[in-house]
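Report on one structure; see the data block that follows.
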Number of protein chains: 2
Amino acid sequence: MNRTTETKGITQCSIFDFNLSWYELLTSEEKMLIDEHSVSINFKKGETVCKRGAFASHIYFLEEGLVKVYLEERNKNLILTLFTKNNLLGLSSVFEGNNKLPYSVSTYTDSRVRMIDIHIFRQLLQQNPEFSYRIINLLNEKTSQIYGRFFSLTQKQLHGRLADILLCLSNRIFKSKSFELPLSRADLGDLTGMSTESVIRMMKEFKDDGLIDMHCKSIELLDVARLERISEFG
Amino acid sequence: MNRTTETKGITQCSIFDFNLSWYELLTSEEKMLIDEHSVSINFKKGETVCKRGAFASHIYFLEEGLVKVYLEERNKNLILTLFTKNNLLGLSSVFEGNNKLPYSVSTYTDSRVRMIDIHIFRQLLQQNPEFSYRIINLLNEKTSQIYGRFFSLTQKQLHGRLADILLCLSNRIFKSKSFELPLSRADLGDLTGMSTESVIRMMKEFKDDGLIDMHCKSIELLDVARLERISEFG
DNA sequence: GGAAAAAACTGACTTGAAGCAATTATTTTT
DNA sequence: AAAAATAATTGCTTCAAGTCAGTTTTTTCC
């Protein structure tokens with residue numbers, strides 16, 4: 001067919017951190033319904049919010065904190081995505097076919113999670129088309145981010161994957177070129193699909209090359225342009 | 001927390017092939033609206049239905065055929081999923097934020113695709129909650145399948161990945177233990193994240209081990225139980 | 001504040017899987 | 001039906017990246 005204009009690379013950044021508001025789209029009765037059928041729970045750093053395979057009884061709204069959404073099997077771990085505050089988690093289970101949670105969630109920092117009864121949430125989806133439409137948009141946005149990560153982890157080598165994740169953390173999560181990382185090196189490994197040792201080696205290499213500065217948990221991106229090039233060329 | 005019952009492995013099968021009906025949920029006026037604002041197009045084997053980056057103007061309903069949904073960049077290819085007939089494609093672009101298509105689609109066999117005006121589709125989503133709810137379920141089902149593939153491709157080695165894909169093709173796509181494969185070895189590579197040569201070597205190995213029988217494009221699974229074990233143990 | 005545990009790091013070694021180049025088989029085209 | 005093009009296959013070589021084992025640093029918790 002005919003030539004299409006070139007678009008940006010597939011993996012610009014892929015960690016979930018946007019938040020279209022959804023609560024505002026509800027009527028006041030509906031809001032009240034949510035309020036009545038939800039509770040807000042505090043989790044300490046490192047705690048498990050929910051485990052894959054458990055029955056899905058709630059939709060989670062992360063009011064405060066930072067969490068990982070991950071899969072584990074045997075000793076293999078894969079972090080699907082990170083969520084920051086004001087995001088909805090566990091939407092996959094609104095589908096009755098998925099009555100079990102398809103992933104686990106645990107916290108990196110102290111967090112507050114509002115747990116919303118899933119039946120109420122479903123009811124609202126079925127009665128309020130605007131709300132439902134917004135949720136579709138949230139799901140789609142998330143899916144296309146997952147595609148980006150999928151591409152990154154399957155098609156790029158270590159340099160590219162690490163550059164990807166560093167850029168994401170900076171742009172999406174911490175919104176700053178320097179940040180204190182609450183994730184361990186092992187977590188970075190689960191996020192990039194590489195071994196802990198490789199993460200360490202690669203980060204040292206980035207440091208030696210003047211791409212980043214780093215003292216243990218504190219990280220600063222020094223040369224974003226070059227990191228982007230590394231991300232692009234895999 | 002308390003111990004949850006063990007669930008099945010993450011990657012049972014991950015190719016998209018279920019179809020909840022959605023058309024029936026529309027009112028007769030809505031159906032008419034769809035009919036008026038859609039056309040059915042025939043594609044020959046190997047043709048491109050749409051390319052990543054193009055403006056998303058339609059939702060696609062695959063009336064007949066087999067297609068791949070894929071990402072390409074430089075010489076890297078990744079097949080996200082395969083679709084069989086009676087499935088909706090391109091739902092990611094109902095989100096106005098994504099006015100460009102996030103992936104490309106091309107056919108493996110002669111196919112017929114109904115192209116539905118995206119504005120009409122959006123309108124229906126916003127006015128018909130049951131329809132919208134059904135679409136959410138479709139999206140969710142798809143997402144959890146993508147997670148499975150994501151895990152498979154990032155955490156398993158070649159044996160496991162090939163076993164995964166052979167089982168999927170058999171269970172979901174062809175619904176038979178023996179089938180004529182319309183995909184090339186290179187496509188199997190793009191589907192499993194391995195090189196064409198590795199696909200060939202691995203399939204030969206499976207054949208020598210009595211797991212499958214194979215003559216060029218025709219494949220038969222001989223020992224499904226063992227394939228499942230290989231899939232499970234990566 | 002000191003002991004214990006957990007992370008972070010380093011170097012040596014091994015290997016899974018990709019890349020390359022050449023050959024054979026299939027399919028398409030004329 | 002022959003020629004050309006595409007796909008499948010094989011063997012050889014290379015290297016990216018994981019594993020293992022040991023050391024140092026940092027964090028946690030009595």
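Just so it is clear, the structure is predicted and the values come from calculations on it, not from any experiment. A, B, ... follow the sequence lines: proteins, then strands. Residue 1 opens every chain.
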Under 4.0 Å from OP1 or OP2 of dA7(C): is there any side-chain N or O of Ser184(A) that close? no
What class does the angle between the rings of Phe174(B) and Phe179(B) fall in, given that below 30° is parallel, 30 to 60° is tilted and above 60° is perpendicular? parallel
Within 6.0 angstrom of Lys217(B) NZ, more than 12 heavy atoms from elsewhere: yes
Look at all strands and tell whether Gly193(A) reaches a base, only sugar-phosphate, or nothing, counting heavy atoms closer than 4.0 Å. sugar-phosphate
Per the atom types in the model, does the base of dG19(C) pair as donor or acceptor with the side chain of Arg201(B) at under 3.5 Å? yes
Atom-to-atom span, CD1 of Ile200(B) to C1' of dT23(C) - whole angstrom: 13 Å
What nucleic acid atoms does Leu158(A) come within less than 4.0 Å of, heavy atoms only: base, sugar-phosphate, or nothing? sugar-phosphate
Closest of dA17(D), dA8(D), dT26(D) to the Ser198(A) side chain is dA17(D)
Does any part of the side chain of Lys142(B), heavy atoms only, come nearer than 4.5 Å to the side chain of Ser92(B), both counted from C-beta? yes
Look at all strands and tell whether Lys45(A) reaches a base, only sugar-phosphate, or nothing, counting heavy atoms closer than 4.0 Å. sugar-phosphate
To the nearest angstrom, how far is Lys44(A) atom NZ from dT28(D) atom P? 13 Å
Could you tell me whether the phosphate oxygens of dA8(D), OP1 or OP2, come under 4.0 Å of any side-chain nitrogen or oxygen in Lys217(B)? yes
Could you tell me how far apart Arg185(B) (CZ) and dT10(D) (C1') are, to the nearest whole angstrom? 14 Å
Of Met214(B) and Ser195(A), the one whose nearest nucleotide on DNA chain D sits closer to the 5' end is Met214(B)
Glu197(A) versus Met202(A): any side-chain heavy-atom pair under 4.5 Å? no
Using whole Å, what does the distance between atom C1' of nucleotide dA8(D) and atom CG of Leu183(B) come to? 15 Å
If you go through the side-chain atoms of Glu197(A), does one of them form a donor-acceptor pair with the base of dC20(D) closer than 3.5 Å? yes
